Amino acid sequence: MGNARSSMAAKFAFFPPNPPSYNIILDEATGKIKFSDVNYQRDNVDVLKLSTKRGNEIVAMYVKNPSASLTVLYSHGNAADIGQMYHIYTKLSVHLNVNLLGYDYSGYGQSTGKPSEQDTYADIEAAFKCLEMYGVKQEDTVLYGQSVGSGPALELAIRLPHLRAVVLHSPILSGLRVVYQVKRTLWFDIYKNIDKIPLVDCPVLVIHGTEDDVVSFSHGKRLWELCKEKYEPLWIKGGNHCNLELYPEFLRHLRKFILAIEKLQLPCNGLDLKSNCQSRQAPNNADQNKEKFRSSTDYKDKGRPSFGHREKSRLSTDSRDKARASIDKREKSRSTVCHTKARNSTDHPERARNSFDRLGEMVRSVGLCNVDCLKQTAAEV
């Protein structure tokens with residue numbers, strides 16, 4: 001049964017670019033490997049080869065941002081490789097102020113082996129372990145899964161209890177549900193995200209286009225409904241499966257989310273601003289930040305009794321109410337100091353539109369569609 005399931009995954013889910021968009025060469029001057037077919041490569045990008053527990057060697061790229069406090073581990077869609085994603089990754093690193101690790105699945109790009117569901121799980125595990133080499137902790141990591149990439153992202157998320165957050169971009173409920181309407185999960189289904197999302201303990205942002213004709217908008221909506229820690233979702237009106245990056249609200253909302261989760265444990269960034277910020281050792285500071293995050297991300301979701309019970313317990317005494325009121329005042333004052341640059345960028349829609357128009361041009365230039373027509377493939381099978 002395992003072989004049949006793996007075969008189904010290969011037929012329905014994987015379309016690696018053929019030929020790959022890049023090759024790898026050794027830079028004799030630095031002794032490091034780099035891409036040979038990618039223009040305008042940056043000095044802050046490391047190209048890596050990682051070994052997986054299933055015996056494959058995958059290619060990854062790590063974009064370093066010296067001012068970042070968070071790191072995004074990005075699982076791309078099923079019809080792209082990291083050569084095509086190179087400039088998108090570097091731009092996202094700048095716009096979101098994050099480090100970013102992107103990787104190719106087994107059988108993609110210059111990674112060895114053949115793609116399968118289980119191999120993608122081994123691939124993302126190897127990528128996550130690579131982050132330890134850069135000193136990245138679990139609590140500073142954001143998992144980003146685009147389309148089919150939502151599968152490995154959620155598989156890893158349920159095994160990381162201290163993960164900072166998850167972003168699901170045009171995600172799937174499961175592989176079979178992309179093609180057929182099924183009420184129950186069947187044994188031979190792949191990427192059973194519908195069963196895993198309730199097990200994720202960290203905040204989750206879901207982004208989906210309302211006119212997605214590859215993975216129905218209902219997939220993203222249902223996954224959001226099943227989240228424990230909901231963040232305000234982004235439903236892009238008129239957005240399709242492969243063009244969400246072209247909408248200015250995409251970047252604005254994503255940046256807003258990153259700023260919100262930074263405040264959960266790191267209300268202030270930058271050593272030079274430390275004197276202007278409240279001490280991180282203040283009692284219940286993490287609880288206050290988490291409480292602010294949860295209240296701001298409710299998004300009209302009144303049917304969450306677990307949140308209600310927790311909030312009642314947190315607001316059980318007058319003294320804690322007063323503490324929260326004083327902290328809220330300090331939050332307002334220090335937020336203007338700690339996040340001025342980021343907020344200025346989000347407060348100017350035209351500036352965000354212009355910056356992401358450039359990213360949109362890159363998406364168009366490579367003809368990037370991260371998920372090919374799964375429905376067509378199903379019909380052929």
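Starting from 1, each residue takes its place in the sequence as its number. All values reported here derive from a predicted model rather than from experimental measurement.
- Residues Glu117 and Tyr191 bring no donor and acceptor atom of their side chains to less than 3.5 Å of each other.
- Using a 4.5 Å heavy-atom cutoff, the side chains of Leu168 and Trp224 are not in contact.
- The closest donor-acceptor contact from the side chain of Asp104 to the backbone of Ile58 lies at 3.5 Å or more, if one exists at all.
- Not one N or O on the side chain of His219 forms a donor-acceptor pair closer than 3.5 Å with the backbone of Ser174.
- Residue Leu26 comes nearest to Gly31 through the heavy atom pair CD1-O, 3.5 Å, listed as atom of the first residue, atom of the second, then distance.
- When all heavy atoms of Gly145 and Ala153 are compared, the pair lying nearest together is CA-CB, 3.9 Å.
- In this structure, Glu262 and Ser69 approach most closely via the heavy-atom pair OE2-OG, 3.2 Å.
- One N or O on the side chain of Ser93 and one on the backbone of Val98 form a donor-acceptor pair closer than 3.5 Å.
- Annotation for Ser51 and Ala126: closest pair O-CB, 3.6 Å, computed over non-hydrogen atoms.
- In this structure, the side chains of Asn97 and Ser67 come closer than 4.5 Å at one or more pairs of heavy atoms.
- Note: Thr185 OG1 to Lys196 NZ = 10.5 Å, rounded to the nearest 0.5 Å.
- A pairwise comparison of heavy atoms in Met61 and Val45 identifies CE-CG1, 3.9 Å as the closest pair.
- Gln41 places a side-chain N or O within donor-acceptor distance of the main-chain N or O of Phe35, the cut-off being under 3.5 Å.
- Heavy atoms of other residues, nucleotides or ligands lying less than 6.0 angstrom from NZ of Lys64 number more than 12.
- Proximity of Thr120 to Ile124: side-chain heavy atoms (C-beta onward) are nowhere separated by under 4.5 Å.
- When the side chains of ILVMFWY residues are joined at heavy-atom separations under 4.5 Å, either directly or via intervening members, Val94 and Leu96 end up in two distinct hydrophobic clusters.
- When every heavy atom of Gly113 is checked against every heavy atom of Asn56, the shortest pair comes out as CA-OD1, 3.5 Å.
- Side-chain atoms of Arg42 do not come within 3.5 Å of backbone N or O of Thr90 as any donor-acceptor pair.
- With rounding to the nearest 0.5 angstrom, the CZ atom of Phe257 is 9.0 Å from the CD1 atom of Ile207.
- Taken from CD1 in Ile261 to NZ in Lys256, the straight-line distance is 13.5 Å, to the nearest 0.5 Å.
- Using a distance-only test at 3.5 Å, with no hydrogens or angles considered, no donor-acceptor pair links the side chain of Arg164 to the main chain of Val142.
- Using modelled atom types, no side-chain atom of Asp212 and backbone atom of Gly209 make a donor-acceptor pair closer than 3.5 Å.
- Residues Ser75 and Tyr105 meet the side-chain proximity criterion, which asks for heavy atoms closer than 4.5 Å.
- Without hydrogens or angle criteria, His208 side chain to Pro233 main chain gives no donor-acceptor distance under 3.5 Å.
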Side chain to side chain contact (heavy atoms under 4.5 Å, CB included) assessment of Ile236 paired with Thr210: CA-CA 6 Å; Ile236 298 182; Thr210 60; over 6 Å; no
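- Each of Asn65, Asn99, Thr141 was scored for a side chain to side chain donor-acceptor pair (under 3.5 Å) with Thr71, with one residue passing: Asn99.
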Would Tyr62 and Met133 count as a side chain to side chain contact (heavy atoms under 4.5 Å, CB included) here? Give the steps. CA-CA 11 Å; Tyr62 183 71; Met133 181 179 72; over 6 Å; no
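- Counting only heavy atoms from C-beta outward, the side chains of Ile82 and Tyr108 never approach each other to under 4.5 Å.
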Check the pair Cys202 / Val200 against side chain to side chain contact (heavy atoms under 4.5 Å, CB included), numbers first and verdict last. CA-CA 6 Å; Cys202 64; Val200 177; 3.7 Å; yes
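- Ring pair Phe250/Tyr247: centre-to-centre distance not below 6.0 Å.
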How far apart are the C-alpha atoms of Arg54 and Asp123, what are their side-chain angles, what is the distance that settles it, and do they pass the salt bridge (Lys or Arg N to Asp or Glu O under 4.0 Å) test? CA-CA 9 Å; Arg54 290 174 65 89; Asp123 298 338; over 6 Å; no
Apply salt bridge (Lys or Arg N to Asp or Glu O under 4.0 Å) to the pair Asp27 and Lys32, showing each step before the final yes or no. CA-CA 5 Å; Asp27 187 340; Lys32 297 181 179 179; over 6 Å; no
From CA spacing to verdict: salt bridge (Lys or Arg N to Asp or Glu O under 4.0 Å), Asp119, Lys114: CA-CA 8 Å; Asp119 275 302; Lys114 292 183 178 180; over 6 Å; no
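- Under the 4.5 Å side-chain heavy-atom criterion for ILVMFWY residues, no single connected hydrophobic cluster contains both Tyr40 and Leu100.
- With rounding to the nearest 0.5 Å, the separation of OG in Ser111 from CD in Glu57 is 8.5 Å.
- Using a 4.5 Å heavy-atom cutoff, the side chains of Tyr89 and His76 are in contact.
- Rounding to the nearest 0.5 angstrom, the gap separating the CG atom in Asp189 from the CZ atom in Arg177 is 6.0 Å.
- At least one side-chain heavy atom of Leu205 sits under 4.5 Å from a side-chain heavy atom of His253.
- Separating the OH atom in Tyr144 from the NE2 atom in His169 is a distance of 5.0 Å, to the nearest 0.5 Å.
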Side chain to side chain contact (heavy atoms under 4.5 Å, CB included) between Ile25 and Ile33, worked out: CA-CA 6 Å; Ile25 60 173; Ile33 58 174; over 6 Å; no
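- The closest donor-acceptor contact from the side chain of Tyr22 to the backbone of Gln110 lies under 3.5 Å.
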Passes salt bridge (Lys or Arg N to Asp or Glu O under 4.0 Å), Glu225 versus Lys230? Steps please. CA-CA 8 Å; Glu225 291 169 350; Lys230 296 177 174 67; over 6 Å; no
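- Between the side chain of Ser147 and the main chain of Gly149, no donor-acceptor pair closer than 3.5 Å is present.
- Contact check for Ile24 versus Lys49: side-chain heavy atoms found under the 4.5 Å cut-off.
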